[in-house]
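Residue numbers run from 1 in the order of the sequence given.
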Amino acid sequence: MAHVFGGPDTNRKLGCLSAYLRAFTTALRNQNFACVSIDAFAGSGTRTEVRAALPLFESGADAIEVTSPGSVSIAITTDPPLDVIVLIEQDDARFAELEKLVAANPSRRVVLRRGDANPLVRKLCTEAQWRKQRGGRRGTRGVIFLDPYGMEVDWSTLEAIAATKALDCWYFLPLSGLYRNAPHDPTKLDVHKEAALDRVLGTTDWRQRRYEHKTLPADMFETEAQAKRRADIAAIEAYVKERLETVFKGAVLDPIRLHHKNGAPMASLFFAVSNDSPQAVRLATEINRS
């Protein structure tokens, strides 16, 4: 089943994850920790995008489908290898594709879980013995990748991840979803949108904070509408970073903004460190910035 998703910046997102996992597993091996990767919205394991055909090579074709590795395939092929890879997916068809991918890579230890990512991630975070020494290892450290299809990630799930003090978190925040649910005009809010934002942000004070920023045009060419949208997006990113910093006591880096094919903001890729030890923070941020 083709899993079609992403815009022009999707490769950038996956590139960040790939580079981080390679450096992460190398660093943690050297410190004698077991390494685990958790993909909470795993998808099918690969991504399919539709590209314009090359006229000289695809005669008569308007477009072609190109399949490339997704986050799951990247984790499975990471070298040095991860000790455990946990994949969570709710959709039956995509889960079946994951089963095939896992069967094709028997040398990797992969744990598959089908269901809602929120309770499954919370259960894993609270029940795993992150600091227990076993097999000569000092404990377990990991990275979790949250790449939801929309606004599925509950704030309580982020709190559980932060409480482990063992997981680094990549969070693909759906900017477009937040923007739609928190329109610049407060009169367009409704109880359903408010409830969704309360669940995702874990607070109600966004109602006041959301509309405090200025919307002056950046230059003579920017319209008032464009200025409002730009200021709104920047305000959302700043507010979410502030919220993440209340639970992730290690560090929360400035996000990488990703875009739709038409250039509109699509998402912000946040990186947060749950372990507040100076050594862990330094290592995680250095890996991420390298």
For residues 164-171, dump all side-chain donor-acceptor pairs below 3.5 Å to protein atoms at least two apart in sequence or in another chain.
residue	atom	partner	partner atom	Å
Thr164	OG1	Ile161	O	2.7
Thr164	OG1	Ala166	N	3.1
Thr164	OG1	Leu167	N	3.3
Asp168	OD2	Tyr20	OH	2.2

How many angstroms lie between [atom1] in [X] and [atom2] in [Y], if you round to the nearest 0.5 Å?
X      : Y      : atom1 : atom2 : result
Ile76  : Arg108 : CD1   : CZ    : 8.5 Å
Leu146 : Leu173 : CG    : CG    : 10.5 Å
Leu175 : Ile233 : CG    : CD1   : 5.0 Å
Asn118 : Thr157 : CG    : OG1   : 3.5 Å
His259 : Met266 : NE2   : CE    : 9.0 Å
Leu87  : Ser37  : CG    : OG    : 7.5 Å

Discussion item. Is there a side chain to side chain contact (heavy atoms under 4.5 Å, CB included) between Gln90 and Tyr149? Walk through the geometry before answering.
Written reply: CA-CA 11 Å; Gln90 191 166 26; Tyr149 305 105; over 6 Å; no
Which pair of heavy atoms, one from [X] and one from [Y], lies closest together, and at what distance?
X      : Y      : result
Arg141 : Arg131 : NH1-CG, 4.4 Å
Cys16  : Ile256 : SG-CD1, 3.8 Å
Val110 : Val102 : CG1-CG2, 3.6 Å
Ser268 : Pro255 : CB-CB, 3.9 Å

Fill in: Pairing residues for Arg282 by the salt bridge (charged side-chain N to carboxylate O under 4.0 Å, His left out) criterion, not counting sequence neighbours
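For Arg282, no residue satisfies salt bridge (charged side-chain N to carboxylate O under 4.0 Å, His left out) once neighbours in sequence are set aside.
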Fill in: With Arg138 via salt bridge (charged side-chain N to carboxylate O under 4.0 Å, His left out) - residues at least two apart
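For Arg138 there are no salt bridge (charged side-chain N to carboxylate O under 4.0 Å, His left out) partners, ignoring immediate neighbours.
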[Y] and [X], any side-chain heavy atoms less than 4.5 Å apart:
X      : Y      : answer
Cys35  : Phe24  : yes
Asn30  : Leu28  : no
Leu112 : Glu99  : yes
Leu120 : Asp116 : no
Val121 : Ile144 : yes
Tyr239 : Asp205 : yes
Gln279 : Gln31  : yes
Ser71  : Leu14  : yes

Item to complete: Cation-pi check, Arg243 to Phe270: give yes when NZ or CZ is under 6.0 Å from the six-membered ring centre and within 45° of the ring axis, no otherwise.
Response: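 Not flagged: Arg243 not positioned over aromatic ring of Phe270.
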Practice prompt. Output, in order, the C-alpha distance, side-chain angles, deciding distance and verdict of side chain to side chain contact (heavy atoms under 4.5 Å, CB included) for Ile88 and Leu124.
Written response: CA-CA 11 Å; Ile88 301 171; Leu124 177 60; 5.7 Å; no
[X] side-chain N/O to [Y] backbone N/O, donor-acceptor pair under 3.5 Å:
X      : Y      : value
Arg137 : Phe33  : yes
Ser274 : Ala163 : no
Thr25  : Leu21  : yes
Asn181 : Leu197 : no
Asp91  : Gly43  : no
Ser73  : Gly45  : yes
Asn275 : Ser277 : yes

Item to complete: Determine whether the side chains of Arg22 and Ser18 contain a donor N or O and an acceptor N or O closer than 3.5 Å.
Response: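 Short answer, yes.
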Worksheet entry | From CA spacing to verdict: salt bridge (charged side-chain N to carboxylate O under 4.0 Å, His left out), Asp83, Arg29 | CA-CA 10 Å; Asp83 292 287; Arg29 293 281 185 193; 3.3 Å; yes
Worksheet item: Looking at Arg257 and Glu237, does any basic side-chain N land under 4.0 Å from a carboxylate oxygen?
Response: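 Salt bridge between Arg257 and Glu237, a charged N being under 4.0 Å from a carboxylate O: yes.
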Worksheet item: Could you walk me through whether Glu159 and Arg122 pass the salt bridge (charged side-chain N to carboxylate O under 4.0 Å, His left out) check?
Response: CA-CA 9 Å; Glu159 288 179 316; Arg122 291 193 294 265; over 6 Å; no
Item to complete: Might you work through the salt bridge (charged side-chain N to carboxylate O under 4.0 Å, His left out) test for Lys100 and Glu97, ending with a clear yes or no?
Response: CA-CA 5 Å; Lys100 295 177 185 178; Glu97 293 299 313; 3.5 Å; yes
Discussion item. For Trp155 and Asp198: C-alpha separation, side-chain torsions, deciding distance, then whether side-chain hydrogen bond (donor to acceptor under 3.5 Å, both in side chains) applies.
Written reply: CA-CA 9 Å; Trp155 183 257; Asp198 290 347; over 6 Å; no
